[in-house]
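None of the values given here were measured: they were computed from a predicted structure.
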Amino acid sequence: MNKAIYIAASGANSGKSMLSLGLMQLLLRNKPKVGYFRPIIDNPVDGKKDNHVNTIVNFFNLKCDYEDTYAFTRSELLDLLNDDKEDEVINSILSKYKKLEEKNDFVIVEGTDFSDHGAVIEMDLNVLIAKNLGIPVIIVSGGIDRSLEEFIQGFRLTYDSFTNKEVEVIAVIANKVQEKNVDIIINGIGENLPKSLLINAIPVNSKLNNPTIHEISQALEAEVLFGEEFLNSTTGEIKVGAMQLSHFLNHLTDEAVVITPSDRSDILLGTLQANISSRYPTVSGIILTGDMDLSPSVIELITGLEKIVPILKVKGGTFGIASKLGSIRSHIYAENKNKIKLSINTFEKYVDIETLSDKLITYKGTNVLTPRMFQYNLLKRAKQSRKHIVLPEGSDDRILTAASQLQKLDIVDLTILGKQVNVEAAVKRLNISFDFEKTKIINPSTSEYFEEFSETLYELRKHKGLSPAMAEDLMADVSYFGTMMVHKGLADGMVSGAAHTTQHTIKPSLQFVKTKPGFSVVSSIFFMCLEDRVSVFGDCAINPNPTSEQLAEIAISSADSSIAFGIDPKIAMLSYSSGSSGKGEDVDTVRKATEIVKQKRPDLKVEGPIQYDAAVDPTVGKKKLPNSEVAGQANVLIFPDLNTGNNTYKAVQRETGALAIGPMLQGLKKPVNDLSRGCTIDDIYNTIILTAIQAQEN
């Protein structure tokens, strides 16, 4: 069930604050706890809190720490992006969002402000964030100073930016539009877009769009002479008092802001008198230009009035100040309760809140799991139950570096096999942080366990002709010693293979850890973290030419593994042919394996034989197998043999830059995982975490 919504603007001055306020009011009627999160905030001014956050948190009295409501300031973001640290940005945003999601029934996520000139970059960033958070989007756009054609076209481009990346847009709000254009805009935006999309338009409201006297005062760096308690007043038109008073009074309009030179006491006093009179409109404020002091008699007269308005004194000429007023943007801020209430009332008047509420509550979310969300879930699951993993290859620099990184996370216990002096020398040479109190270093040959382990191996394998002397020779090997630690319960799992062959790594496991009950074959999978999704590839490391029965077992094991790691499996049994068209022994093997899967596990969605392009490309899949619920959307890909699987995973990894996490072995009683000798530090790091999670199931 969906627990969040992302509010995305299509450009600057969209009025998305109104949307955040309205949604918060709407959600709090049905949800006890609603969180608010801004991935990116503007740079703080004079140490003040972000205005958006401060307004929402204070008005609705949300119980949260300010630091939890945002991830980065704009400057922090730019520094990280300039250093090519986009992954760090998204991972931090994801982590902060998840913290709020766990504490609340629902979370409103408000996108960036478009307050600088990087509009294209900013749009891409909003799409990327929404995609990785896995939440639907409401797009809001402001119509001021834009032609109808430009406004509608901009909406469609923004909509396409999200949907092209498989981010669902559930509603669009056209804000600050001319009332006469409401129907034209709704029909124009809705043309060629899904009928299920909620489209609403909110006419421009001068009381919301125009700055308050307080905002004017700050922008002009004005001195407040009178009426400080009325600074939050909304404003109307700007009126310049340069003509005779008798003529000027005829030009006053409701909530006008009057600008006049400081020495025009007639305009000043006449305006104040008009504000009191029932025959003239109410004035919001008066701005005195020229930076001249009022005479004591005028001050005395104003002080004695029962009703006054804010009077500001500014430097600069009358017409220069009038020009500046036109560029002052209006904001909604915490102190202005009237403007907040007006925003909420306007939202509820023009937005179909019943339909929107239903969409928010019933939205089921997407089944697509992004790579970053997958990796975040891995870390979260590893933390749930701390496990102990043994790493036999202490002589490999990559193993030691990965161990150093995991020490900092403090989510697993590690034992490294090797000579203490050699490991210490390598750590010093690599210049990495390493806490030898946290991670035990064991030399198998001199270990206190060596004799016990050798005797156990002899007892387990003597029926195969193993002698005590041979058992001792084998136990001096790090793969045997590490596997025996797992067998004896001194470690929960083992990761090896960075410096050894697959056969060397898993042979001891097959000899005495053995397979789980009901499993006849040990197989492997890779979690392939592609640009926008995670797919499971199997078997790419163990079985050269599996039979139909073995292929079916690999498919079922892979599906169960994907379920265990949060992926809803759609299995493609790959071949060089799709459907019933192909003939030959290889295709028949896959076809028979598919039937076995269907018989043994009717709950699983499986298609085969099927070609790779038909399995993953929706267009090709629909053309070749139009009635399939797997074609075009497969995420568990089972290869017919090791040659195909191993080459395909490596080709995809190298050519697309995909992160391949694994291989993760399936079918053993206890987790032992094999690395490729070409593995990276990240491969080792991720495989250790996978192994720790596997150990939680035992």
Side-chain angles (χ1 to χ4, degrees), residues 386-407 411-430 432-458 460-461 470-513 663 665 668 670-677 679 681 683-692 694-695:
R386 192 181 186 90
K387 294 299 177 181
H388 182 180
I389 307 301
V390 59
L391 308 174
E393 297 162 321
S395 59
D396 193 290
D397 289 352
R398 294 166 297 173
I399 294 289
L400 297 178
T401 306
S404 171
Q405 293 178 358
L406 284 162
Q407 279 186 345
I411 58 174
V412 293
D413 293 320
L414 300 173
T415 291
I416 294 176
L417 302 187
K419 294 181 178 180
Q420 179 91 16
V421 64
N422 292 344
V423 174
E424 288 175 351
V427 166
K428 186 175 182 180
R429 172 173 49 81
L430 293 168
I432 56 176
S433 62
F434 199 94
D435 188 342
F436 285 93
E437 295 295 322
K438 281 187 175 181
T439 300
K440 194 172 184 179
I441 311 299
I442 296 178
N443 181 355
S445 299
T446 59
S447 166
E448 60 181 302
Y449 301 115
F450 182 76
E451 186 176 334
E452 176 193 341
F453 283 8
S454 299
E455 290 177 1
T456 300
L457 181 61
Y458 167 69
L460 289 171
R461 301 293 293 172
M470 293 168 63
E472 287 187 358
D473 286 342
L474 288 175
M475 200 48 61
D477 182 278
V478 291
S479 290
Y480 272 87
F481 192 93
T483 306
M484 187 60 77
M485 285 184 68
V486 176
H487 178 67
K488 289 277 194 177
L490 295 173
D492 299 305
M494 183 180 87
V495 174
S496 188
H500 295 90
T501 65
T502 296
Q503 176 71 8
H504 191 105
T505 298
I506 69 170
K507 184 178 179 181
S509 301
L510 296 174
Q511 288 180 348
F512 54 87
V513 172
L665 301 191
L668 288 169
K670 294 186 178 182
V672 172
N673 282 316
D674 172 48
L675 297 162
S676 164
R677 278 168 289 173
C679 65
I681 294 166
D683 292 336
I684 298 166
Y685 169 96
N686 287 312
T687 303
I688 292 170
I689 292 173
L690 274 184
T691 308
Q694 276 185 293

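- Heavy atoms only, all atoms of each residue included: Met494 and Pro392 are closest at SD-CG, 3.5 Å.
- Using a 4.5 Å heavy-atom cutoff, the side chains of Ile689 and Val412 are not in contact.
- To the nearest 0.5 Å, atom CD1 of residue Ile681 and atom CG of residue Asn686 are 12.0 Å apart.
- Shown here for Gly493 and Thr691, the closest heavy-atom pair between the two residues is CA-CG2, 4.0 Å.
- With Asp492 as the partner, the side chain to side chain contact (heavy atoms under 4.5 Å, CB included) test is satisfied by one option alone out of Lys670, Gln694, Lys387, Met485: Lys387.
- Looking at Glu452 and Lys488, their side chains come closer than 4.5 Å, going by heavy atoms from C-beta outward.
- If you take OG1 on Thr456 and NE2 on His487, they are separated by 6.5 Å, rounding to the nearest 0.5 Å.
- The heavy-atom pair separating Ala426 from Leu400 by the smallest distance is CB-CD1, 3.5 Å.
- Of the possible donor and acceptor atoms, one in the side chain of Ser404 sits under 3.5 Å from a partner among the backbone N and O of Ser433.
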Verdict with supporting geometry, Leu457 and Glu472, side chain to side chain contact (heavy atoms under 4.5 Å, CB included): CA-CA 9 Å; Leu457 181 61; Glu472 287 187 358; over 6 Å; no
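- The nearest pair of heavy atoms linking Thr505 to Thr483 is O-OG1, 4.5 Å.
- The two residues Ala403 and Phe434 come nearest to each other via the heavy atoms CB-CE1, 4.0 Å.
- The distance from atom CG of Leu391 to atom CD1 of Ile441, rounded to the nearest 0.5 Å, is 9.0 Å.
- If you take CG on Asp674 and CD on Gln503, they are separated by 10.0 Å, rounding to the nearest 0.5 Å.
- Considering every non-hydrogen atom in both Cys679 and Ala498, the closest pair reads SG-CB, 3.8 Å.
- Although no hydrogens or angles enter the test, the distance criterion places no donor-acceptor pair under 3.5 Å between the side chain of Asn673 and the main chain of Val495.
- At least one side-chain heavy atom of Val423 sits under 4.5 Å from a side-chain heavy atom of Phe436.
- Note: Tyr449 and Phe453 have parallel aromatic rings, judged against thresholds of 30 and 60 degrees for the angle between ring planes.
- Atom OH of Tyr685 sits about 12.0 Å away from atom OG1 of Thr687, to the nearest 0.5 Å.
- By the 6.0 Å contact criterion, CD on Glu424 is enclosed, its count of non-hydrogen atoms from other residues, nucleotides or ligands being greater than 12.
- Panel note: side chain Arg398, backbone Ile684; no donor-acceptor pair is recorded below 3.5 Å.
- Dense packing is recorded around NZ of Lys438, with more than 12 heavy atoms of other residues, nucleotides or ligands lying under 6.0 Å away.
- For Ser447 (side chain) and Asn443 (main-chain N/O), no donor-acceptor pair under 3.5 Å exists by modelled atom type.
- Here the straight-line distance linking atom OG of Ser479 with atom CG of Leu474 works out to 11.0 Å at 0.5 Å rounding.
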Given the rule in the side chain to side chain contact (heavy atoms under 4.5 Å, CB included) test, do Ile442 and Val390 qualify, once you have shown the distances and angles that lead to the verdict? CA-CA 10 Å; Ile442 296 178; Val390 59; over 6 Å; no
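- Two residues are said to be in side-chain contact when any heavy atoms from C-beta on lie closer than 4.5 Å; Leu414 and Ile688 meet this criterion.
- Checked for salt-bridge contact, Asp397 and Arg429 meet the test: a charged N lies under 4.0 Å from a carboxylate O.
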